Each structure stands twice: as structure tokens, then as C-alpha cells.
Amino acid sequence: MKIVVLDGYTMQLGEEEWGRLHVYGEVVYYDRTDLDQIVDRSAGADVIFTNKVPLTAEVLSQLPDLKFISVLATGYNMVDLQAARSRDISVSNVPVYGTGSVAQHTTALILELSNHVGLHSQAVREGEWSQQTDWTFWKSENRELSGQTIGIVGFGRIGRRVGEIVHALDMTVWAADVLQVDPPDYDGFAWKSIAEVFAGADWITLHCPLLPDNEGFVNLALLETMKPTAFLVNAARGPLVVDRDLAEALNRGLLAGAALDVVTQEPIAADNPLLSAQNCIITPHMAWASNLARPSLLATAIGNVCNFLEGKPENVVN
């Protein structure tokens with residue numbers, strides 16, 4: 001059996017982790033694969049691992065030996081599921097691996113917007129504290145989270161974990177989700193609509209999947225309903241937010257700030273208006289990639305292959 005890994009670089013894992021694949025057959029590994037290389041590199045493959053390399057209907061039509069696609073992520077929009085199904089190619093994803101990692105990064109973004117730790121550390125290193133007359137100073141006011149309301153849009157595994165963390169910080173938790181089931185048992189929780197969340201919450205954090213009907217739903221019209229003291233956090237999917245609209249809203253003071261781990265085009269374009277927007281923190285789509293999450297992701301992806309070969313497929317999305 002031939003196994004092809006099309007874009008393993010972002011996993012940043014060593015030979016030991018990838019080496020577990022060799023028990024299943026010949027393994028051909030690539031750090032990255034360009035669009036014009038996909039078919040040639042995948043020729044003869046029984047199994048393909050992909051993260052962001054697209055496997056379109058046209059590509060799949062040229063891979064007659066392919067039986068299984070293991071997606072190295074939760075999202076699987078890079079695979080044409082209908083085309084795969086029509087060719088009897090199973091596609092699996094990794095639905096659970098980064099809950100703690102993403103929730104922790106989301107919390108870090110919230111705390112950075114609240115306390116500006118990086119700004120003050122840099123100021124100290126640049127000598128600003130040494131030059132002060134008094135024993136304390138600050139360049140921005142610390143915002144205490146206790147008593148504030150956070151609206152969580154998308155209340156799945158990650159959203160619920162974020163809710164638990166911020167509840168421990170004495171925040172009131174609102175959640176907007178299509179499925180309003182199994183509410184948490186802590187005090188102050190309430191189900192709300194997206195409109196209610198954006199209009200009333202002090203903090204809004206996105207944890208919903210990207211679907212055809214919610215792409216760009218965070219647009220200028222919705223941002224204009226926010227309180228000018230409120231903050232937006234997005235560690236879900238970049239296209240949920242219209243970048244230029246958020247930049248305009250920040251520059252107009254329609255909200256107090258934003259923290260993003262994702263943007264519409266990644267890597268971020270040099271002319272993305274968010275790069276120069278006021279009060280905007282951006283990290284490079286790294287919330288998923290903790291030291292524990294990445295090995296867990298790969299272990300599940302390899303397990304998906306093993307289960308498929310044993311006739312017990314799991315995490316199949318088509």
C-alpha cells in the first residue's frame with residue numbers, strides 16, 4: 001500500500017511520530033505540495049494525508065487507486081466530498097484534538113486585550129520604568145473581567161471549554177448556537193441569539209464552524225450594533241469575519257478592540273487592512289498547535305487509517 005503525505009510541515013513533528021505509518025506500507029512524505037504537483041505526487045496512492053492541499057473533483061478523477069483520505073484537521077472543506085463519495089473514497093477528519101489548546105489561546109487573547117502584558121513588558125525593557133519617579137506606571141488601563149458578560153458564538157466543545165474558563169474568572173456567559181441543548185450548570189449562563197450577543201455582550205468570541213450560510217456574517221452592519229466598549233475575539237475561521245469591515249469598525253471606534261488568530265486569507269496578505277487597524281491583535285493561526293494537540297491530531301489521523309483498513313472506519317465525513 002502506498003501512503004502519501006502532501007503537506008506535513010505545519011505539524012512540526014519528528015520521524016518518530018510519522019514513522020508509525022510505515023507499518024501500513026510505503027510512505028512518501030512532503031513538507032508542502034503546490035497545486036500543479038498534487039496529481040503527480042499522489043499517483044498510485046491508496047491513502048492520502050492532507051491538511052490544506054485541495055483534493056478537487058478534477059484531482060480525484062486522476063487518482064484511480066485512491067481509497068482513503070485522512071484530513072489532518074477538523075475542517076474538511078479542502079476535499080470535494082461528493083466527488084470522493086462517487087468514487088467510493090472514504091474521507092475522515094479529526095474532530096477532537098485541540099479543545100484545550102484553542103480554548104487556552106482564546107483566553108490568552110482575552111487577557112492580552114485586558115492587561116496588555118506584552119506592551120508593558122516591552123516598555124520596561126525599553127527603560128520606561130527606570131525613568132519613572134514613582135514605583136508604578138501603566139500605559140493602558142487594566143480591564144477587570146469580573147462581572148463582565150461574554151457572548152460565545154458556537155457552543156460546541158471549544159466554546160463550552162472557553163465558557164468554563166471565563167466563568168471561573170467571574171464572567172457572565174451567554175451562548176449563541178443552533179443547537180441549544182445541555183446548558184452548563186453554572187450560574188449566569190443564558191442562551192441568546194447572535195443579534196443579542198453582539199448588541200449586549202462586553203466580549204464576543206467566535207467558535208462556530210465555517211458554513212456557506214455564515215461566511216462573512218460578522219460584517220459592518222453587525223459590528224455597528226456592538227457597544228463601543230466591547231471586544232471581538234476570533235480563533236475559529238477567518239472568513240466568518242469581513243476583514244475590511246472589522247478594520248473600519250475598529251478605526252471608527254465602533255468597538256474597543258479585537259484579537260484574531262485567523263483571517264480570511266492565510267498567510268495574511270501584506271495589504272490586509274487589519275494590519276494597520278487600531279487596537280487589533282493578530283496571531284498567525286496558532287491556537288490549534290500546542291505541544292499536546294499536534295501529536296494527538298496525528299495519532300487520531302493515523303488511527304483513522306488503521307480503523308479503515310480493519311473495516312471499522314471512524315470519523316468518516318462523507
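Values reported hereafter were calculated over all heavy atoms of this structure, with side chains retained and with hydrogens, waters and symmetry mates removed. Keep in mind that this is a model prediction, so the values were computed, not measured.
Smallest separation of non-hydrogen atoms from Ala103 and Thr107: O-OG1, 2.8 Å. When all heavy atoms are compared, the tightest approach of Pro54 to Leu35 is CG-CD2, 3.5 Å. For the pair Ala293 and Ser290, the tightest heavy-atom approach, listed with the atom from each and the gap, is N-OG, 3.0 Å. Val305 and Val47 get closest at one heavy-atom pair: CG2-CG1, 4.0 Å. Considering all non-hydrogen atoms of both residues, Met78 and Lys52 come closest at CB-O, 4.3 Å. In plain terms, the two heavy atoms of Ala201 and Ala230 that are nearest each other are O-CB, 3.5 Å.
Salt bridge status for Glu128 with Lys139: present, with a side-chain N to carboxylate O gap under 4.0 Å.
No more than 12 heavy atoms of other residues, nucleotides or ligands shown are found within 6.0 angstrom of CG on Asp88. Sparse packing is recorded around CZ of Arg244, with 12 or fewer heavy atoms of other residues, nucleotides or ligands lying under 6.0 Å away. Annotation for Glu196: atom CD counts as buried by contact number, over 12 foreign heavy atoms lying within 6.0 Å. Within a 6.0 Å radius of CD in Gln180, more than 12 heavy atoms belonging to other residues, nucleotides or ligands are found. Counting non-hydrogen atoms of other residues, nucleotides and ligands closer than 6.0 Å to CZ of Arg237 gives a total of 12 or fewer. More than 12 non-hydrogen atoms from other residues, nucleotides or ligands lie less than 6.0 angstrom from CZ of Phe308. No more than 12 heavy-atom neighbours from other residues, nucleotides or ligands sit within 6.0 angstrom of CD on Glu141.
With contacts defined as side-chain heavy-atom distances shorter than 4.5 Å, the pair His207/Ile152 qualifies. Counting heavy atoms from C-beta outward, Val218 and Val153 have side chains that stay 4.5 Å or more apart. Taking 4.5 Å as the limit, every side-chain heavy atom of Val94 sits out of range of all side-chain heavy atoms of Val71. The side-chain heavy atoms of Val241 and Thr264, taken from C-beta on, include no pair separated by under 4.5 Å. Side-chain contact between His285 and Pro267 is absent, with no heavy-atom pair separated by less than 4.5 Å. Contact of the Trp288 side chain with the Arg294 side chain is registered, since non-hydrogen atoms from C-beta on lie closer than 4.5 Å. Looking at Leu60 and Ile69, their side chains come closer than 4.5 Å, going by heavy atoms from C-beta outward. For the pair Trp203 and Ile110, the minimum side-chain heavy-atom distance is below 4.5 Å.
There is no side-chain donor-acceptor pair under 3.5 Å between Ser70 and Asn304. In this structure, a donor-acceptor pair under 3.5 Å is absent between the side chains of Thr74 and Asn93.
The closest donor-acceptor contact from the side chain of Ser121 to the backbone of Val117 lies at 3.5 Å or more, if one exists at all. Put simply, the side chain of Gln148 never gets that close to the backbone of Leu145: no donor and acceptor are under 3.5 Å apart. Remark: the backbone N or O of Met286 is paired with a side-chain donor or acceptor of Asp261 at under 3.5 angstrom. Without hydrogens or angle criteria, Asp245 side chain to Leu220 main chain gives a donor-acceptor distance under 3.5 Å. Looking only at distances, no side-chain donor or acceptor of Glu17 sits under 3.5 Å from a matching main-chain atom of Pro295. Asn318 places a side-chain N or O within donor-acceptor distance of the main-chain N or O of Val91, the cut-off being under 3.5 Å.
Hydrophobic cluster membership is shared by Leu206 and Leu210, with clusters built from Ile, Leu, Val, Met, Phe, Trp and Tyr side chains linked at under 4.5 angstrom. Cluster annotation: Tyr9 is not connected to Ile3 through the hydrophobic network of ILVMFWY side chains, with a link wherever side-chain heavy atoms come within less than 4.5 Å. Each of Leu63 and Phe68 belongs to its own hydrophobic cluster when Ile, Leu, Val, Met, Phe, Trp and Tyr are linked at side-chain heavy-atom distances under 4.5 angstrom. Cluster membership for Val316 and Leu81, using ILVMFWY side-chain heavy atoms within less than 4.5 angstrom, is not shared. When the side chains of ILVMFWY residues are joined at heavy-atom separations under 4.5 Å, either directly or via intervening members, Leu309 and Leu66 end up in two distinct hydrophobic clusters.
How far CD1 of Ile194 is from CG of Asn214: 7.5 Å, rounded to the nearest 0.5 Å. Expressed to the nearest 0.5 Å, how far CZ of Arg85 lies from CD of Gln82 amounts to 6.5 Å. Atoms CZ and CZ, on Phe231 and Arg143 in that order, are 4.0 Å from each other to the nearest 0.5 Å. Distance CH2/Trp138 to CH2/Trp129: 12.5 Å, rounded to 0.5 Å. Here the CD1 atom belonging to Ile89 is positioned 8.0 Å from the CD1 atom belonging to Ile48, to the nearest 0.5 angstrom. In this structure, OG1 on Thr172 lies 10.0 Å from OH on Tyr186, to the nearest 0.5 angstrom.
Every ring pair (Phe, Tyr, Trp, His ring centres under 6.0 Å) that Phe155 has, sequence neighbours left out, goes to Phe189, Trp191. For the salt bridge (charged side-chain N to carboxylate O under 4.0 Å, His left out) test, residues two or more places apart in sequence or in another chain that qualify with Asp46 are Lys67. For Asp202, the salt bridge (charged side-chain N to carboxylate O under 4.0 Å, His left out) test picks out Lys227, with sequence neighbours left out. Annotation: salt bridge (charged side-chain N to carboxylate O under 4.0 Å, His left out) contacts of Arg161 (sequence neighbours excluded): Glu164. Among residues two or more places apart in sequence or in another chain, the salt bridge (charged side-chain N to carboxylate O under 4.0 Å, His left out) test is passed with Arg252 by Glu224, Glu248.
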- [ ] Start with the C-alpha distance between Leu255 and Leu250, add both sets of side-chain angles, then the distance that settles side-chain contact (heavy atoms from CB on, under 4.5 Å), and finish with yes or no.
- [x] CA-CA 6 Å; Leu255 66 162; Leu250 287 165; 3.8 Å; yes
Task: Test log, rule side-chain contact (heavy atoms from CB on, under 4.5 Å), inputs Ser140 and Leu119 - done: CA-CA 9 Å; Ser140 63; Leu119 172 69; 4.1 Å; yes
- [ ] Kindly indicate, with the supporting measurements, whether the criterion side-chain contact (heavy atoms from CB on, under 4.5 Å) is fulfilled by Phe49 and Tyr29.
- [x] CA-CA 9 Å; Phe49 282 79; Tyr29 173 91; over 6 Å; no
Open item on the list: Would Leu246 and Leu260 count as a side-chain contact (heavy atoms from CB on, under 4.5 Å) here? Give the steps.
Closed with: CA-CA 11 Å; Leu246 177 57; Leu260 313 169; 3.9 Å; yes
TODO: Would you sort out whether Asp80 and Thr56 count as a side chain to side chain donor-acceptor pair (under 3.5 Å), showing the intermediate values?
DONE: CA-CA 5 Å; Asp80 188 321; Thr56 64; over 6 Å; no
TODO: Check the pair Thr99, Arg157 against side chain to side chain donor-acceptor pair (under 3.5 Å), reporting the backbone distance first and the verdict last.
DONE: CA-CA 6 Å; Thr99 299; Arg157 294 182 183 90; 5.5 Å; no
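Applying the salt bridge (Lys or Arg N to Asp or Glu O under 4.0 Å) test to every pair with at least one member in residues 301-318, sequence neighbours left out, gives these pairs: Glu310-Lys312.
By the 30° and 60° cut-offs, the orientation of the rings of Phe217 relative to Phe198 is perpendicular.
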